[in-house]
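Take a look at the structure below.
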Amino acid sequence: MKGNVIMTSQTLREARKYEEAFGKLIKEEERPDFHLSPRTGWMNDPNGFCYYKGKYHMFYQYYPYESKWGPMHWGHAVSNDLLHWEYLPAALAPDETYDRDGCFSGSAVELPDGRQLLMYTGVVKEHQKHDIYREVQTQCIAVGDGIDYEKYTQNPVLDEKDLPEGGSRFDFRDPKMWRRADGTYACVIGNRPEDGSGQILLYTSGDGFHWDFQSVLVSNHNRFGKMWECPDIFELDGKCVLLASPQDMLPEGFEYHNGNGTLCLLGEFDEETGTFHEIHNQSIDYGIDFYAPQTVLTPDGRRVMIGWMQNWDSCSIRPPEAPWLGQMSLPRELSIKNGRLYQKPIRELDGMRRNKVDYNDVTVSGIVRLDGVAGRIVDLELTVRPFDLQNPYQKFAIRFAQNDRYYTALSFRPRESILKVDRKFSGSRRAIIHQRRSLVNTTDGELKLRIILDRFSVEVFVNDGEQVLSATMYTKQEAEGISFFADGTANIDVVKYDLAAD
Ligand code: FRU
């Protein structure tokens, strides 16, 4: 730092120039309205999600130059309400010997002197033999003022010397830091032990710059997939919540699905001994596209989570010529109810509701359309129940983003209690996963849904937040119809709002 001026590297300056020039070529209506998307190019995980100097900050895994994954930068945006976002210049670029192949995921805290401390994973490709390279991962620090950041001269601050025995230096990433009540710092980091599965390591620090290994907080023992990425840990309603995103999952009934998944452990955390005792496990999201969430504590004490609304195996759903790929989920307020994690759309979303349309006790048999119920930026509350309890409907469906060619559907079969999201007819031309089924709770065939649409996505909050299903869809925007269908006879209540960003 020269005086108060932070010197930026050529690589970062180029990225900033590029995003400034090309970001504005993307028209507003070509992006989600209130979900954060990359300024230009590619976005994955939320990083450094925090409240700093009166604003929420969201950084993100970012490759500005193409709409596909590349050497990772950190993009940056700020918001007052987590729904209206303003882009700031990219914060980090891979420009040092210890991070030249990528600045991977990490987190942010505020230092006592008011500066912001970022910790991220620095990646360097190491030649093995023949044409094989492996990524060595270390933890690095940058300090800044909320716009410009200077990398710490002593980087990396954690490397292979700080790993427990058998911990892999090739899978050691995604530090999530927090400030403890006594002013010291702690952080959790994903790692791969000798058994090839995942573990979460706990580190502590007196000043945020010098870190020590404390313990293996949780071991996967090959229970939930393999390597665990992007951990987060926090207290909620008297319990400790540990979030992680395991790779290479196998399905378990309807709870976990194949591939990259999400995992929520509820338990007890003993800070003294650095141990976690698990009481309950569940998926975080039961849809197709949700990964690597991070949380923030709002100034009024709410724990709010945002995830990357995408799945690594479904990235090809968007054509490569599209100017951006990747978007964040809706901010979700978390709570614990009945021993489970509950999620609700952040309450600030209610302030964007316009043009209420209300229908009560509509009988649906076959296809029904309702006047005023259409659109792609929509908040829709729906309760469905059998018309005749003795003779319940077989199947109920709501179709949206619909025209004569395309639609995405949510369907519910009360006998099986299965809710399915299906985007097979959304216009996708790729042979990827288009459906996901989830087991939901229903009493007497009644189900309550809140469905949020924002141009390229649907998020379904089931039974007041007991479960959430998220999926992206890149259907042409003119497909904005919404219709209801029942095989048998169902009764529905519908409350629909447009959502407006002004
Ligand atoms: C998760 C992840 C992280 C890593 C980042 C790289 O989606 O693989 O583990 O830090 O993405 O972009």
Side-chain angles (χ1 to χ4, degrees), residues 15 36 38 41-49 58-76 90-94 98-108 118-125 133-142 156 158 167-177 187-192 197-201 220 224-232 243-249 259-263 284-285 288-295 305-315 324-329 470 472:
L36 182 65
W42 165 274
M43 159 193 278
N44 60 289
D45 315 352
N47 292 161
F49 187 20
M58 177 60 92
F59 304 83
Y60 52 90
Q61 288 287 281
Y62 183 36
Y63 184 60
Y65 303 109
E66 275 176 283
S67 58
K68 62 179 197 196
W69 194 86
M72 280 293 112
H73 296 55
W74 275 34
H76 192 184
L92 300 175
Y98 51 78
D99 64 14
R100 62 168 183 251
D101 294 308
C103 299
F104 277 17
S105 286
S107 52
L118 309 181
M119 197 199 282
Y120 66 96
T121 300
V123 174
V124 175
K125 285 189 182 143
Y133 285 81
R134 292 192 76 182
E135 294 173 342
V136 176
Q137 305 186 332
T138 61
Q139 315 316 319
C140 306
I141 270 175
L158 288 169
S168 166
R169 66 197 176 100
F170 303 117
D171 286 295
F172 178 37
R173 59 180 173 273
D174 311 335
K176 171 75 199 232
M177 296 180 281
C187 99
V188 281
I189 306 180
N191 182 231
R192 195 190 281 263
S197 75
Q199 62 186 4
I200 302 297
L201 307 179
N220 181 12
F224 302 108
K226 292 187 176 287
M227 169 70 184
W228 285 4
E229 300 187 306
C230 301
D232 194 354
L243 307 180
S245 295
Q247 298 179 303
D248 307 308
M249 294 275 273
N260 286 52
T262 51
L263 173 68
I284 305 173
D285 193 286
I288 306 173
D289 294 305
F290 190 85
Y291 198 64
Q294 263 196 7
T295 66
M305 175 180 77
I306 290 186
W308 179 43
M309 196 160 39
Q310 191 61 56
N311 175 317
W312 279 109
D313 290 330
S314 71
C315 292
W324 62 269
L325 196 149
Q327 52 184 309
M328 294 302 172
S329 75
S470 309
T472 57

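Hydrogens, waters and symmetry mates are skipped; everything else that's a heavy atom, side chains included, is used. Worth saying up front: this structure is predicted, and the values here are computed from it rather than measured. For ligands, and for the atoms within them, numbers begin at 1 and follow the listed sequence.
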Residues passing the side chain to side chain donor-acceptor pair (under 3.5 Å) test with Thr121, sequence neighbours excluded, are Gln139
Contacts of Asp171 meeting side chain to side chain donor-acceptor pair (under 3.5 Å) (sequence neighbours excluded), chain-then-number -> Arg173, Arg192
Dump the pairs for me: ligand 1 N or O, protein N or O, distance under 3.5 Å, to 0.1 Å.
residue: ligand 1; atom: 7 (O); partner: Asp45; partner atom: OD1; Å: 2.7
residue: ligand 1; atom: 7 (O); partner: Asp45; partner atom: OD2; Å: 3.3
residue: ligand 1; atom: 7 (O); partner: Trp312; partner atom: NE1; Å: 2.9
residue: ligand 1; atom: 8 (O); partner: Glu229; partner atom: OE1; Å: 3.4
residue: ligand 1; atom: 8 (O); partner: Glu229; partner atom: OE2; Å: 2.8
residue: ligand 1; atom: 9 (O); partner: Arg173; partner atom: NE; Å: 2.9
residue: ligand 1; atom: 9 (O); partner: Asp174; partner atom: OD1; Å: 3.4
residue: ligand 1; atom: 9 (O); partner: Asp174; partner atom: OD2; Å: 2.7
residue: ligand 1; atom: 9 (O); partner: Glu229; partner atom: OE2; Å: 2.9
residue: ligand 1; atom: 10 (O); partner: Ser105; partner atom: N; Å: 3.1
residue: ligand 1; atom: 10 (O); partner: Asp174; partner atom: OD1; Å: 2.5
residue: ligand 1; atom: 11 (O); partner: Asn44; partner atom: ND2; Å: 3.2
residue: ligand 1; atom: 11 (O); partner: Asp45; partner atom: OD2; Å: 3.1
residue: ligand 1; atom: 12 (O); partner: Asn44; partner atom: ND2; Å: 3.1
residue: ligand 1; atom: 12 (O); partner: Gln61; partner atom: OE1; Å: 2.7
residue: ligand 1; atom: 12 (O); partner: Trp69; partner atom: NE1; Å: 3.0

- Message: Taking Gly167's backbone N and O only, do any of them form a donor-acceptor pair with Asn191's side chain (distance below 3.5 Å, no angle check)?
- Response: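 Side chain of Asn191 to backbone of Gly167, a donor-acceptor pair under 3.5 Å: no, none is there.
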* Are the ring centres of Tyr62 and Trp308 closer than 6.0 Å? -> no
Original post:
Which residues pass the ring pair (Phe, Tyr, Trp, His ring centres under 6.0 Å) test with His73, sequence neighbours left out?
Top reply: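 Per chain and number, His73 pairs via ring pair (Phe, Tyr, Trp, His ring centres under 6.0 Å) with no residue.
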In Tyr120, Trp74, Phe49, the residue satisfying ring pair (Phe, Tyr, Trp, His ring centres under 6.0 Å) with Phe59 is Trp74
